[in-house]
Peer 1: 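Take this structure, written in structure tokens, and hold onto it; I'll ask about it next.
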Protein chains: 2
Amino acid sequence: MMMTPELIRKKLKELNLKVTPQRVVILKTLADNKSHPTAEEIYREVIKKQPNIAVGTVYNILETYVNRGIVEKISSIGDKMRYDVVSEDHHHLFSKNSDEIEDYFNVELAGIIGRYLEVNEIPGFKVEGFKLNISGEFTKRGKN
Amino acid sequence: MMMTPELIRKKLKELNLKVTPQRVVILKTLADNKSHPTAEEIYREVIKKQPNIAVGTVYNILETYVNRGIVEKISSIGDKMRYDVVSEDHHHLFSKNSDEIEDYFNVELAGIIGRYLEVNEIPGFKVEGFKLNISGEFTKRGKN
DNA sequence: GTCACTGCAAACCCTTTGCAACTCA
DNA sequence: TGAGTTGCAAAGGGTTTGCAGTGAC
């Protein structure tokens with residue numbers, strides 16, 4: 001993605017958030033990062049550019065972003081929380097052998113499921129969204 | 001479900017696990033329970049029948065069951081782990097307003113997704129299973 | 001009798017919180 | 001200036017672990 005600092009500034013202003021160096025660097029790190037880092041991984045990346053930052057701040061800022069809807073939390077079994085910038089609708093591939101999580105974009109499949117859930121209502125439940133978690137094994141490693 | 005102690009005993013033997021009162025009561029509690037309890041909820045339920053049991057033991061036994069594949073862990077964002085006896089293939093409904101999780105059985109939808117993933121392979125990834133997490137709101141409360 | 005299992009409590013680790021200092025607008 | 005943010009360190013809360021004692025087989 002390589003979001004420019006200007007874009008990030010703009011985004012923060014749209015959200016009525018004060019533009020602080022910490023917020024900028026965290027959002028930039030997350031946007032530039034293809035993987036799904038934990039708070040601590042983000043922290044380790046961020047202190048390279050912004051030495052004066054506390055872990056607690058990383059958590060706080062991430063939580064703010066989650067509440068504003070621009071970042072989502074991903075929880076996988078027995079692992080710490082991971083964070084992901086909200087982009088187009090996508091699903092996740094979970095490795096059974098490791099902690100890896102990869103994005104899986106598939107509008108067609110999402111459409112099929114979405115339409116199914118629209119047509120076939122679930123009694124007593126109003127569907128607002130869904131996530132397909134696919135588990136399995138990465139066969140090709142590389143180019144991450 | 002109301003699994004009888006005999007059935008549970010049999011199940012444990014099949015798995016080459018020693019039949020201890022703690023294991024029996026925990027599996028029975030989980031099988032008889034429609035909700036998706038946390039370890040602590042299970043503990044609170046279990047001490048009624050088996051006063052001498054430690055929280056750590058509950059965690060250990062649940063972990064054993066998860067490893068043997070007869071219980072699954074469910075993690076929802078920012079909440080503790082929840083446990084569920086592995087039964088037929090089913091999915092979960094997550095409430096956006098509370099911690100509730102309900103089962104959602106739908107072989108038709110599962111079939112559609114399963115077939116789709118079989119036909120449309122994901123490059124670099126071998127699919128072994130999937131879970132559809134549907135989020136929304138429970139409109140009718142009651143009869144749980 | 002043996003070895004796996006349990007109880008207990010301490011340790012662990014991720015995450016949250018309280019508060020004083022600071023800084024963006 | 002002053003409301004909102006940050007740094008820091010301590011507290012919190014769920015889960016794991018080590019070890020001595022116990023119990024299933």
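Order of the sequence lines sets the chain letters (A, B, ...), proteins ahead of strands, with each chain counted from 1. All values reported here derive from a predicted model rather than from experimental measurement.
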Peer 1: Roughly, in whole Å, what's the span from CZ in A/Arg23 to P in D/dG7?
Peer 2: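 From A/Arg23 CZ to D/dG7 P: 11 Å.
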Peer 1: Before accepting this row, confirm whether a basic side-chain N of the pair A/Glu40/A/Arg44 lies closer than 4.0 Å to the acidic partner's carboxylate O.
Peer 2: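 Answer for the salt bridge query: yes.
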Peer 1: Salt bridge check: are A/Lys126 and B/Glu137 linked by an N-O gap of less than 4.0 Å?
Peer 2: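 The answer is yes: the pair qualifies as a salt bridge.
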Peer 1: Treat primed atoms plus P, OP1 and OP2 as sugar-phosphate and everything else as base, then score nucleotides 12-25 of chain C 5' to 3': B for base contact with protein heavy atoms under 4.0 Å, S for sugar-phosphate contact only, - for none.
Peer 2: --SBBB------BS
Peer 1: Please give, in whole Å, the distance from C/dC5 P to B/Asn16 CG?
Peer 2: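 Atom CG in B/Asn16 sits about 10 Å away from atom P in C/dC5.
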Peer 1: Output every pair passing side chain to side chain donor-acceptor pair (under 3.5 Å) with a member in residues 52-67 of chain A, not counting sequence neighbours, ordered by first then second residue.
Peer 2: A/Glu63-A/Lys73
Peer 1: In whole Å, I'd like the distance from the CG atom of B/Asn67 to the P atom of C/dC5.
Peer 2: 12 Å
Peer 1: Give, for atom NZ of A/Lys96 and atom CD1 of A/Ile77, the distance between the pair rounded to the nearest 0.5 Å.
Peer 2: 11.5 Å
Peer 1: Going by the side chain to side chain contact (heavy atoms under 4.5 Å, CB included) test, name the single residue among A/Ile112, A/Asn120, A/Leu117 that passes it with B/Leu109.
Peer 2: A/Leu117
Peer 1: Once you round it to whole Å, what is the distance between P of D/dC25 and CG of B/Leu15?
Peer 2: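 It is 14 Å, rounded to the nearest whole Å.
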Peer 1: Could you state the atom-to-atom distance from CD1 of B/Ile74 to C1' of D/dG14 in whole Å?
Peer 2: 17 Å
Peer 1: Quick one: sort the A/His91 and A/Phe130 rings into parallel, tilted or perpendicular, breaks at 30° and 60°.
Peer 2: parallel
Peer 1: Using atom CZ of A/Arg68 as one end and atom P of D/dG4 as the other, report the distance to the nearest whole Å.
Peer 2: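 Nearest whole value for this atom pair: 11 Å.
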Peer 1: What is the distance from CD1 of B/Ile53 to P of C/dC5, rounded to the nearest Å?
Peer 2: 14 Å
Peer 1: Report the distance from atom CD1 of A/Ile77 to atom P of D/dT15, rounded to the nearest whole Å.
Peer 2: 11 Å
